[in-house]
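Quick caveat: nothing in here was measured; it's all calculated off a predicted structure.
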Amino acid sequence: MKTTTTTYAPRWYNTYAIHFFRLIVEKILPSSWFRDTLPPEDKRTAVDGFFNLEIVSHCWQYSNMLSYQLSSFVNHPPTKCALTVTIFYGKEDHKTQAVLDFFNTKTVNNVTWNFQQLPKSKLFRRAIGRNMVARSSKADWLWYTDCDIIFHENCLDSLAEQLQGKTDSLYFPREERTTEMLAQDDPMLSQDSVPQLVNIETQNFSLHSRDKAKGAFQIVHGDVARAIGYCEGLSIYQTQSLHWCKCYEDRAFRWLLGSQGTPINVDGVFQIRHVHKGRYTKDTFASRIRSKIRRIQE
């Protein structure tokens, strides 16, 4: 993967700049000032038949959930598209490294593993990795997702069917199935299990619908991604960080596209909902507050 995108050293005021931008600038200035020109719809490739899809995740201390995601590609590989699975991770996250090493030994029809190690300062700003992929990917479609999303039976093939001839910038699955909010000691989230193929009991998930895209459900036309990157024109979202950042860039990306996405019917989209956020420092005051909020939101 080419990594010729530009990033910036951590800046103490960047969080304040992000809040100023999202609360004020986004409301008064046109998005076209902050991106390259979107390719016209009639100039975008409309895929016909077998095509290339790239799914992009970041993982930091979520190896338990990443195992479910990667297992879903082994258990339910696509037959109607070629899939590249891109995972960004940090070398300090030894459990994630072990999971990736395990799956790297698995040969799966129509699936290519693409595990990319990043310095923590780049990993912690998710838009940096997503922008790298956007500018360098050869795929017809990119699905930006999270590592707690599971692509279960017929997910990828139904997606391939839905994207035939499509040229909108952004799509998202109309429905998903989720767990209840799981505690860290739930058997599904066992941290100490060795890397292995795992599966889910689908009856433990509840069906939900959505009316717009969000960070884990952004399916972007490859021509559009290559043209504008992922918030590349907003330096605040290409600035490295010493801690994991809240992903305000996803909303900014949709603002740049001028779209909240078009819903499509995709089978087998599952999500593991969890109280503990592995990307935050364990047992800090902030992590405890976030866990309480997530329980309230259940």
Side-chain angles (χ1 to χ4, degrees), residues 1-39 54-60 62 86-90 116-137 139 142-147 149 169-170 172 212-261 277 279-280 286 290:
M1 175 183 295
K2 296 179 180 178
T3 56
T4 56
T5 55
T6 301
T7 63
Y8 305 90
R11 301 181 290 204
W12 66 267
Y13 57 84
N14 203 65
T15 298
Y16 301 102
I18 286 173
H19 290 312
F20 177 77
F21 185 86
R22 56 187 287 268
L23 295 175
I24 297 176
V25 175
E26 280 186 9
K27 301 181 186 304
I28 62 176
L29 294 180
S31 62
S32 58
W33 286 15
F34 301 93
R35 58 160 170 77
D36 291 335
T37 302
L38 288 167
E54 184 165 1
I55 290 179
V56 185
S57 298
H58 280 63
C59 188
W60 176 250
Y62 279 170
T86 297
I87 307 292
F88 289 106
Y89 70 102
Q116 297 287 324
Q117 188 181 106
L118 284 180
K120 285 195 297 183
S121 61
K122 291 186 177 182
L123 182 72
F124 289 169
R125 180 79 64 188
R126 193 173 65 178
I128 290 175
R130 289 188 171 191
N131 188 49
M132 290 166 56
V133 172
R135 287 301 199 179
S136 64
S137 178
L142 286 79
W143 185 332
Y144 296 113
T145 193
D146 292 338
C147 62
I149 306 301
S169 298
L170 178 67
F172 64 91
K212 63 181 180 180
K214 71 171 187 177
F217 303 108
Q218 295 184 138
I219 304 165
V220 183
H221 196 290
D223 293 342
V224 172
R226 284 182 286 274
I228 70 168
Y230 200 93
C231 299
E232 184 172 273
L234 298 171
S235 64
I236 52 176
Y237 294 126
Q238 300 301 317
T239 296
Q240 300 173 42
S241 175
L242 302 180
H243 59 85
W244 188 274
C245 301
K246 191 170 178 63
C247 300
Y248 292 120
E249 63 263 38
D250 299 332
R251 191 182 80 168
F253 178 66
R254 296 190 293 274
W255 174 72
L256 292 169
L257 290 177
S259 172
Q260 293 300 318
K277 304 293 281 186
R279 62 193 184 220
Y280 300 120
R290 289 186 178 101

What is the minimum heavy-atom distance between [X] and [Y], and which atoms define it?
X      : Y      : result
Tyr248 : Ile18  : CD1-CG2, 3.8 Å
Ser169 : Val224 : OG-CG2, 3.9 Å
Ala213 : Leu170 : CB-CD2, 4.0 Å
Arg126 : Asp146 : NH1-OD1, 2.5 Å
Thr239 : Asn14  : OG1-OD1, 3.6 Å
Ile55  : Thr145 : CG2-CG2, 3.6 Å

Should the pair Phe34 and Trp255 be assigned to parallel (<30°), tilted (30 to 60°) or perpendicular (>60°) ring geometry?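 The arrangement is tilted - the two ring planes meet at 30° to 60°.
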May I ask you to decide if the ring planes of His58 and Trp244 are parallel, tilted or perpendicular, using 30° and 60° as cut-offs?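 Answer is perpendicular, since the angle exceeds 60°.
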Do [X] and [Y] have side-chain atoms, one donor and one acceptor, less than 3.5 Å apart?
X      : Y      : result
Arg135 : Thr5   : no
Gln238 : Thr7   : no
Arg254 : Gln218 : yes

Give, for atom [atom1] of [X] and atom [atom2] of [Y], the distance between the pair rounded to the nearest 0.5 Å.
X      : Y      : atom1 : atom2 : value
Ser32  : Ile228 : OG    : CD1   : 11.5 Å
Gln116 : Ile87  : CD    : CD1   : 10.5 Å
Leu123 : Cys59  : CG    : SG    : 8.5 Å
Leu29  : Phe21  : CG    : CZ    : 7.5 Å
Ser121 : Leu118 : OG    : CG    : 8.5 Å
Asn131 : Ser136 : CG    : OG    : 9.0 Å

Is any side-chain heavy atom of [X] closer than 4.5 Å to a side-chain heavy atom of [Y]?
X      : Y      : answer
Phe88  : Val56  : yes
Trp143 : Glu54  : no
Thr15  : Ile236 : no
Phe20  : Val25  : yes
Ser235 : Arg11  : yes
Arg125 : Gln240 : no

Main chain of [Y], side chain of [X]: is a donor-acceptor contact present, judged purely on distance under 3.5 Å?
X      : Y      : value
Arg35  : Leu256 : yes
Arg251 : Arg22  : yes
Arg226 : Ser137 : yes

Verdict with reasoning, Tyr230 to Asp250, per side-chain contact (heavy atoms from CB on, under 4.5 Å): CA-CA 9 Å; Tyr230 200 93; Asp250 299 332; 2.6 Å; yes
Apply the test side-chain contact (heavy atoms from CB on, under 4.5 Å) to residues Ile219 and Phe172: give CA-CA distance (whole Å), side-chain angles for both, the deciding distance (0.1 Å), then the verdict. CA-CA 6 Å; Ile219 304 165; Phe172 64 91; 5.5 Å; no
I want to know whether Trp60 and Phe124 have ring centres closer than 6.0 Å.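 Ring centres of Phe124 and Trp60 closer than 6.0 Å.
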Are Glu249 and Arg130 within salt-bridge range, i.e. N to O under 4.0 Å?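 Arg130 and Glu249: not salt-bridged.
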My understanding is that only residues two or more places apart in sequence, or in another chain, count here; which of them pass ring-ring contact (aromatic ring centres under 6.0 Å, His included) with Phe217?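 Scan of Phe217 (ring-ring contact (aromatic ring centres under 6.0 Å, His included), adjacent residues dropped) gives none.
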